[in-house]
Amino acid sequence: MKLLEVFLLLILIPSTTQTEPNPARNQDLVAAIAEMQRANYFTFVMLVNMSPPDVRLEENVTFLMPNDRMLSNILLQEGSVSGFLLRHSIPSPLLFDTLKQFPTGTTIPSSLPNCMLRITNNGRKNYVINNVRIISPNICVAGSSIRCHGIDGVLSESCVPASPPIPSPPLLPSAPSSRDPNVLTPRPSPNPSPSPNVKSAGSSYLLSFDGSLNFVAFLVLSLVGIYL
């Protein structure tokens, strides 16, 4: 069933049968949906309401929204609505002023895992994401965690793949040891520091406890050496 048929069916349902808004729903999402409706993106709102609960689509997100005419020409299989919305969203609330800072060739992640979006930045009137152009920026601005922009088409399902992680360099093999592992090599003992009170042979001074020259002791030992 095409989206247009589903949309017309929902319009024909009497308003008395419509469910009340979910009070537990993120208020930023409620505000964003109201802004989408005021901008005539009714079919995209329908998809948001049809999608099962997913925190990735309820806060900290930027939606890229095709209009009703574009969405009326696509076919969505049952259970594919969530994937469609994830592919048409960025996991961060980005105003157009932020997006336009990205130069051509930049890739940014979509909310769909392993699906990247490539930027072609030719200015405000020709800002392209993959195969679509942003034509109505900054539609959702009321809340702090959701942004949305109108685009002139549907993002192709062939996403730009995420770049593989850079492999770590291989570890170099350690050099073989020539020492016989069965022979224990005694560890050399560190050279003992001379006691601060012991006079070294051939030296002509004596160190005191605090490491300074003890001039008196030096004179005494010199005199003793003369008379021996």
Side-chain angles (χ1 to χ4, degrees), residues 3 19-68 70-71 74 76-77 79-121 124 127-166:
L3 287 178
T19 58
E20 294 296 325
N22 184 357
R25 203 169 202 181
N26 184 296
Q27 292 305 302
D28 281 359
L29 181 58
V30 173
I33 286 175
E35 291 173 307
M36 295 174 190
Q37 291 172 328
R38 286 195 293 270
N40 297 322
Y41 285 84
F42 297 105
T43 307
F44 196 87
V45 169
M46 179 191 70
L47 294 178
V48 172
N49 289 328
M50 289 172 57
S51 177
D54 189 332
V55 67
R56 293 173 294 178
L57 299 172
E58 296 177 359
E59 59 184 354
N60 297 321
V61 64
T62 297
F63 290 111
L64 304 172
M65 307 182 301
N67 63 25
D68 290 351
M70 299 164 192
L71 289 177
I74 68 170
L76 285 180
Q77 301 296 326
S80 62
V81 173
S82 179
F84 178 88
L85 292 176
L86 291 173
R87 192 169 74 251
H88 284 78
S89 60
I90 302 168
S92 181
L94 302 176
L95 289 168
F96 186 74
D97 284 346
T98 302
L99 285 172
K100 71 181 183 181
Q101 303 300 319
F102 300 147
T104 295
T106 303
T107 54
I108 58 177
S110 71
S111 298
L112 189 67
N114 300 317
C115 182
M116 306 294 288
L117 305 173
R118 187 180 299 278
I119 302 297
T120 303
N121 186 349
R124 162 68 179 80
Y127 191 94
V128 179
I129 299 179
N130 279 13
N131 61 307
V132 299
R133 184 166 55 95
I134 292 182
I135 55 175
S136 299
N138 299 336
I139 291 175
C140 305
V141 294
S144 61
S145 67
I146 295 181
R147 300 287 180 257
C148 63
H149 312 289
I151 56 178
D152 68 350
V154 175
L155 283 167
S156 61
E157 296 187 12
S158 56
C159 297
V160 178
S163 301
I166 300 175

query: F96 and R124: which non-hydrogen atoms are nearest, and at how many Å?
result: CE2-CD, 3.5 Å

- prompt: Counting only heavy atoms not in E157, do more than 12 sit closer than 6.0 Å to its CD atom?
  reply: no

message: If you compare all heavy atoms of M65 against all heavy atoms of C148, which two are closest, and at what distance to 0.1 Å?
response: CE-SG, 3.7 Å

- request: Please report the closest heavy-atom contact between F44 and D68, naming both atoms and the distance.
  value: N-OD1, 4.3 Å

- request: Starting from the C-alpha separation in whole Å, work towards a yes-or-no answer on side chain to side chain contact (heavy atoms under 4.5 Å, CB included) for I129 and I119.
  value: CA-CA 5 Å; I129 299 179; I119 302 297; 3.8 Å; yes

query: Any chance the rings of Y41 and F63 have centres within less than 6.0 Å?
result: no

statement: Here the pair of heavy atoms bringing E59 nearest to I146 is CA-CG1, 4.2 Å

- prompt: Is there a side-chain contact between E58 and S51 (heavy atoms, below 4.5 Å)?
  reply: no

query: Among N60, V61, D28, whose side-chain contact (heavy atoms from CB on, under 4.5 Å) with P93 holds?
result: N60

query: Do the side chains of P91 and R56 get nearer than 4.5 Å, heavy atoms only?
result: no

- prompt: L86 and S89: which non-hydrogen atoms are nearest, and at how many Å?
  reply: O-OG, 3.2 Å

- request: Rounded to the nearest 0.5 Å, what's the gap from CZ on R87 to OG on S110? Could you check?
  value: 8.5 Å

- prompt: Checking side chain to side chain contact (heavy atoms under 4.5 Å, CB included) for the pair I33/N49: CA distance, chi angles, key distance, verdict?
  reply: CA-CA 9 Å; I33 286 175; N49 289 328; 3.8 Å; yes

query: Could you go step by step and tell me if D54 and L85 meet the side chain to side chain contact (heavy atoms under 4.5 Å, CB included) rule?
result: CA-CA 10 Å; D54 189 332; L85 292 176; over 6 Å; no

- prompt: Are the side chains of T43 and M46 in touch, meaning some heavy atoms are under 4.5 Å apart?
  reply: yes

- prompt: Run the side chain to side chain contact (heavy atoms under 4.5 Å, CB included) check on N67 and N40 step by step: do they pass?
  reply: CA-CA 8 Å; N67 63 25; N40 297 322; over 6 Å; no

message: Ignoring hydrogens, what is the shortest heavy-atom contact between I108 and L99? Give both atom names and the distance.
response: CD1-CD2, 4.4 Å

